[in-house]
Amino acid sequence: MSATVSLQQLTDQLDQLEAQAAAAIAAAASAADLEELRVGLLGKKGKLSGVLGAMGKLPGEERPLVGQRANVLKEQVQGLLAERLAWVKSAALAERIAAESLDVTMPASTIPAGHRHPLISTIEEIVDIFAGLGYRVEEGPEIETDHYNFTALNIPPHHPARDMQDTFYLSEHELLRTHTSPVQIRHLENNPPPVRIVAPGRVYRRDAVDATHSPVFHQVEVLAIDEGLDFSHLRGTVTAFLQQFFGDLPVRFRASYFPFTEPSAEVDVQWRGRWLEVMGCGMVDPAVLEGLGIDPTRYSGFAAGLGVERFCMVRHGIDDIRRLFTSDLRFLEQF
Ligand code: DAH
């Protein structure tokens with residue numbers, strides 16, 4: 001180990017140290033790097049301490065020169081470290097802001113919007129057309145008594161329409177309504193003629209499930225009672241409605257029978273080369289009016305029951321009724 005050190009050597013070392021420190025600090029990329037440099041340069045066992053240790057070997061009058069130079073260097077290095085630390089921190093902040101900021105021009109992630117079920121929009125369309133003809137909307141309960149569902153509609157006990165085979169009975173006198181016709185009775189009980197109503201709703205029958213039958217389906221009931229109504233009003237109303245709903249599909253009235261209408265008819269529209277029944281209708285049977293205390297020599301009227309699923313299937317070209325009840329979004333999204 002060399003015992004002598006010259007002033008020149010130590011000043012050279014300090015010059016070198018200054019250059020090295022400036023370069024290393026300028027290249028430091030993080031606060032941790034800078035701390036490591038600080039310890040290596042200014043710490044107790046750092047490079048500057050090394051130079052100061054050697055200073056003791058200089059002649060006494062030369063020591064202050066080195067000491068002053070070393071102090072200046074120390075302050076310089078501290079300044080550079082602080083400056084670089086501030087720069088590193090602001091660079092890190094800028095990077096974080098860039099990474100975390102929102103790009104407001106990105107396409108939004110959306111919750112897909114739902115829409116009306118095709119059966120509901122069919123009901124709304126039917127009801128809208130009748131509303132335009134001056135009809136009011138009425139509703140009735142889905143759990144009915146045999147009185148409203150059958151007796152008051154001129155369907156006596158033991159009539160085959162009451163058969164256990166096709167009716168859901170809840171108790172001896174309660175059942176899931178098999179049609180919307182009971183709303184006629186409920187409305188007329190509380191509203192004297194003249195009356196014009198439509199009553200949409202669910203109805204239930206113990207049908208086997210196939211492409212054209214479902215145990216739950218929908219009807220819209222139509223009822224008009226006034227003085228002087230006859231079959232031409234029924235025919236005109238139904239025809240005007242069908243034309244508005246379907247456009248120019250061929251329509252035919254077929255003689256039929258319902259206990260609560262006389263005469264009665266079924267209405268078919270021609271679709272895909274065959275006749276498809278879309279409603280039953282007729283002139284309200286005088287016995288039904290009498291049962292409600294309405295004078296059938298003064299008032300007459302007509303009624304109809306529309307099969308909503310049929311209207312929906314024809315409108316949208318759907319061939320299987322089950323599609324309307326399975327909630328398959330791939331199917332429903334098409335409407
Ligand atoms: N209620 C009957 C059914 O569900 C349909 C019906 C026929 C309703 C004739 C009526 C009508 O209002 O006049 O089969």
Side-chain angles (χ1 to χ4, degrees), residues 123 126-127 130 133 135-142 144 146-156 159-163 165-168 175-188 193 195-207 212-226 229-239 241-242 252-269 276-289 291-292 294 296 299-311 321:
I123 288 176
I126 293 170
V127 165
F130 278 99
L133 296 172
Y135 286 70
R136 259 180 55 187
V137 182
E138 270 298 327
E139 274 180 275
E142 291 178 21
E144 263 302 3
D146 59 0
H147 171 76
Y148 287 108
N149 197 79
F150 295 127
T151 315
L153 287 161
N154 209 25
I155 306 172
H159 190 284
R162 296 185 171 221
D163 206 324
Q165 296 302 313
D166 41 48
T167 302
F168 289 107
L175 47 99
L176 296 180
R177 67 179 176 190
T178 61
H179 52 183
T180 45
S181 300
V183 186
Q184 293 186 31
I185 307 301
R186 288 181 174 277
H187 187 75
L188 285 172
V195 149
R196 279 176 180 70
I197 56 157
V198 277
R202 273 193 200 112
V203 302
Y204 302 84
R205 290 191 201 165
R206 291 180 56 180
D207 266 332
T212 55
H213 293 89
S214 158
V216 51
F217 55 103
H218 299 75
Q219 292 185 331
V220 176
E221 193 77 12
V222 181
L223 175 70
I225 305 286
D226 206 338
L229 292 182
D230 59 37
F231 200 90
S232 67
H233 299 109
L234 166 59
R235 194 178 167 105
T237 302
V238 167
T239 307
F241 161 74
L242 288 174
R252 77 174 181 194
F253 283 68
R254 237 176 335 105
S256 184
Y257 171 78
F258 299 101
F260 39 93
T261 46
E262 179 59 33
S264 306
E266 276 166 319
V267 183
D268 304 334
V269 297
L276 193 69
E277 185 197 324
V278 292
M279 75 175 84
C281 62
M283 299 308 294
V284 175
D285 195 303
V288 173
L289 296 177
L292 288 158
I294 298 170
Y299 290 107
S300 59
F302 56 85
L306 286 59
V308 173
E309 279 72 7
R310 293 289 173 87
F311 282 84
I321 197 173

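All values below were derived from every heavy atom in this structure, side-chain atoms included, with hydrogens, water molecules and symmetry-related copies excluded. When a ligand or atom number is given, it counts from 1 through the structure's own listing order. What you see is a predicted model, and the numbers here were worked out from it, not measured in a lab.
For the pair Q219 and ligand 1, the shortest N or O to N or O distance falls below 3.5 Å. Taking only nitrogen or oxygen atoms, main chain and side chain alike, F258 does not reach within less than 3.5 Å of ligand 1.
For atom 11 (C) of ligand 1, the closest non-hydrogen atom of the protein is F260 CE1, 3.5 Å. Among protein heavy atoms, the minimum distance from atom 12 (O) of ligand 1 is reached at E221 OE2, 2.6 Å. Distance from atom 5 (C) of ligand 1 to its nearest protein heavy atom, with residue and atom name: G305 CA, 4.2 Å. The protein heavy atom nearest to atom 14 (O) of ligand 1 is R205 NH2, 3.6 Å.
When non-hydrogen atoms are compared, ligand 1 lies under 4.0 Å from neither the backbone nor the side chain of S264. Residue S181 touches ligand 1 through its side chain alone, judged by heavy-atom distances below 4.0 Å.
Each of the following atoms of ligand 1 lies closer than 4.0 Å to a heavy atom of T261: 13 (O). Atom numbering of ligand 1 starts at 1 in the shown order; those under 4.0 Å from a heavy atom of G282 are 13 (O).
Using a 4.0 Å heavy-atom cutoff, Q184 is listed among the residues neighbouring ligand 1.
With respect to D166 and R206, no salt bridge is recorded, no charged nitrogen being found less than 4.0 Å from a carboxylate O. One finds no salt bridge joining R252 and E277 here, because no Lys/Arg side-chain nitrogen approaches an Asp/Glu carboxylate oxygen to under 4.0 Å.
Taking a 6.0 Å sphere around CZ of R254, one finds it holds more than 12 heavy atoms contributed by other residues, nucleotides or ligands.
F241 has its ring centre less than 6.0 Å from the ring centre of F311.
The residue among A161, G307, S256, G280 with a heavy atom at the shortest distance from atom 9 (C) of ligand 1 is G280.
Counted by atom type alone, H179 and Q219 present zero donor-acceptor pairs between their side chains at under 3.5 Å.
Note: L292 CG to I185 CD1 = 5.0 Å, rounded to the nearest 0.5 Å.
For E221 (side chain) and A199 (main-chain N/O), no donor-acceptor pair under 3.5 Å exists by modelled atom type.
L223 is listed as a side-chain neighbour of V284, based on a closest heavy-atom distance under 4.5 Å.
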